[in-house]
Amino acid sequence: MTAEQTTPKTTTDRTLAKALVAHWAARADLDFIQRDLERRGKDRARLTVADLANHDQLHAGQLTATRDFAAWVGVHDPLRVLDLGAGLGGAARLLAAEHGCPVVAVELSAPLHDCGAELTRWLNLGHLVEHRCADLLTDTSGVGLQAHEDRSDFDLVWLQHVDMHVPDKGALYARAASQLAQGGRVVWHDWLAGPGGSPHYPVVWSDGGELSFLTTPEALRADAQRTGLTVGRLEVITERTHGWFSRTHGGLRRALEKLPDTAVRRRKRYTSLALRMENVLRNLDERRLLPFYGEAILG
Ligand SMILES: C[S@@+](CC[C@H](N)C(=O)[O-])C[C@H]1O[C@@H](n2cnc3c(N)ncnc32)[C@H](O)[C@@H]1O
């Protein structure tokens, strides 16, 4: 079957969609971001992508990882990028600001989408980054993605920490392939199931596994192949991911020790995050999770 013949029909289950929106809702907090910028003496009129990176890069490695991944992918001006599951659009803005790429950022959660669109206005990147609120698997004409006909507009589909949230990999890859120009690429910075068994939960993206749908390298290759995508490079990046989680976890523990007794909400949030990070580290040590970069070419 070629990519042209593949029409994804599956939409994300409503219960799953609601749970995903709830899980990430706290990250859509413009007031919190604004206050943090003020505290750090950042001028709203002169913001850079780096100034927002603690808030808008919702993946392992944050800004460093996005830059590293962009270098691995070989992003160059003016690749047309479709960022699926864009969150707050941190990567979309980086690709626009640092590589001049026009990016369409598709996000399921309305609060994340709205917050991300506002951050794009703060950085004056509206001419390059377009935000759309849609289920990446659903063809909601005029709002989300259009079904592929005989050509498409994108050179790159960017999947950063979103594959793990999508149960139907065939539908995801078919959707991604359907948006690509011939010779275009789908690229992943995501998580795979490792040989060590099921992960320990909670992790950062899921409390008990209900939002986590991990595929194996072999299944990824086979599912992608069925949609006309050929997976070439696939690199497991355990060491650098482990390093980032170790450092970040250490920083979080030190911050926890310094918190005053009155900071009850922050203590709760940091404690929960620290536990999730400890589980990720254990999962990496036991090869239950494989963080990876991947690339597939259409045609
Ligand atoms: C871990 S966050 C990563 C966000 C962003 N890619 C980043 O790296 O900063 C995963 C995002 O994928 C979004 N997502 C999950 N399933 C989706 C779907 N079916 N359609 C659109 N977005 C989806 C979630 O709402 C969430 O914002």
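One-based numbering, in listed order, for ligands and for the atoms of each. Owing to the predicted nature of the structure, the values given are computational and were not obtained by experimental measurement. Hydrogens, waters and symmetry mates play no part in the numbers below; they use all other heavy atoms, side chains included.
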**Side-chain (Arg267) to main-chain (Ala263) donor-acceptor, under 3.5 angstrom** =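 Not at all, since once roles are kept as given, no pair shorter than 3.5 Å links the two residues.
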**Heavy-atom donor-acceptor pair, Arg175 side chain to Leu136 backbone, under 3.5 Å** =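 Between the backbone of Leu136 and the side chain of Arg175 there is a qualifying donor-acceptor contact (under 3.5 Å).
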**Message:** Checking side-chain contact (heavy atoms from CB on, under 4.5 Å) between Leu119 and each of Asp114, Val49, Leu125, Leu52, which is the one that passes?
**Reply:**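 Per the side-chain contact (heavy atoms from CB on, under 4.5 Å) rule, the option paired with Leu119 is Leu52, out of Asp114, Val49, Leu125, Leu52.
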**Request:** Side-chain contact test, heavy atoms from C-beta onward, threshold under 4.5 Å: evaluate it for Arg233 versus Glu235 and give yes or no.
**Result:**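 They are not in contact (no side-chain heavy atoms under 4.5 Å apart), so the answer is no.
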Looking only at heavy atoms of [X], does any of them come nearer than 4.0 Å to an atom of ligand 1?
X: Gly89; result: no
X: Ala86; result: yes
X: Trp24; result: yes
X: Met164; result: yes
X: Asp56; result: yes

**Request:** Taking the six-membered ring for Trp and the single ring otherwise, decide whether the centroids of Trp188 and Tyr173 are under 6.0 Å apart.
**Result:**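 Distance test on ring centres: under 6.0 Å, yes.
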Using a strict 4.0 Å cut-off to heavy atoms of [X], name the atoms of ligand 1 that fall inside it.
X: Asp135; answer: 18 (C), 19 (N), 20 (N)
X: Gly87; answer: 4 (C), 5 (C), 27 (O)
X: His161; answer: 1 (C), 2 (S), 3 (C), 10 (C)
X: His165; answer: 10 (C), 15 (C)
X: Leu112; answer: 27 (O)
X: His59; answer: 7 (C), 8 (O), 9 (O)
X: Ala134; answer: 20 (N), 21 (C)

[atom] - nearest protein heavy atom and its distance:
atom: atom 16 (N) of ligand 1; result: Leu20 CD1, 3.6 Å
atom: atom 23 (C) of ligand 1; result: Leu108 CB, 3.6 Å
atom: atom 14 (N) of ligand 1; result: Val162 CG2, 3.9 Å
atom: atom 4 (C) of ligand 1; result: Gly85 O, 3.3 Å
atom: atom 24 (C) of ligand 1; result: Glu107 OE2, 3.5 Å

**Message:** Testing the 3.5 Å rule here: is there a donor-acceptor pair between the side chains of His200 and Glu286?
**Reply:**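 Checked: His200/Glu286 side chains pair up, N/O donor to acceptor below 3.5 Å.
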Taking only Lys NZ, Arg NE, NH1 and NH2, and the carboxylate oxygens of Asp or Glu, determine whether [X] and [Y] approach each other closer than 4.0 Å.
X: Arg132; Y: Glu107; answer: no
X: Arg276; Y: Asp207; answer: yes
X: Arg226; Y: Asp223; answer: yes

**Request:** Return the option from Leu136, Leu211, Leu58 holding the heavy atom at the smallest distance from atom 17 (C) of ligand 1.
**Result:**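 Looking at heavy atoms only, the winner is Leu136.
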**Message:** With a sphere of 6.0 Å drawn around CZ of Arg287, does it hold more than 12 non-hydrogen atoms of other residues, nucleotides or ligands?
**Reply:**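 Atom CZ in Arg287 is not crowded, with 12 or fewer foreign heavy atoms closer than 6.0 Å.
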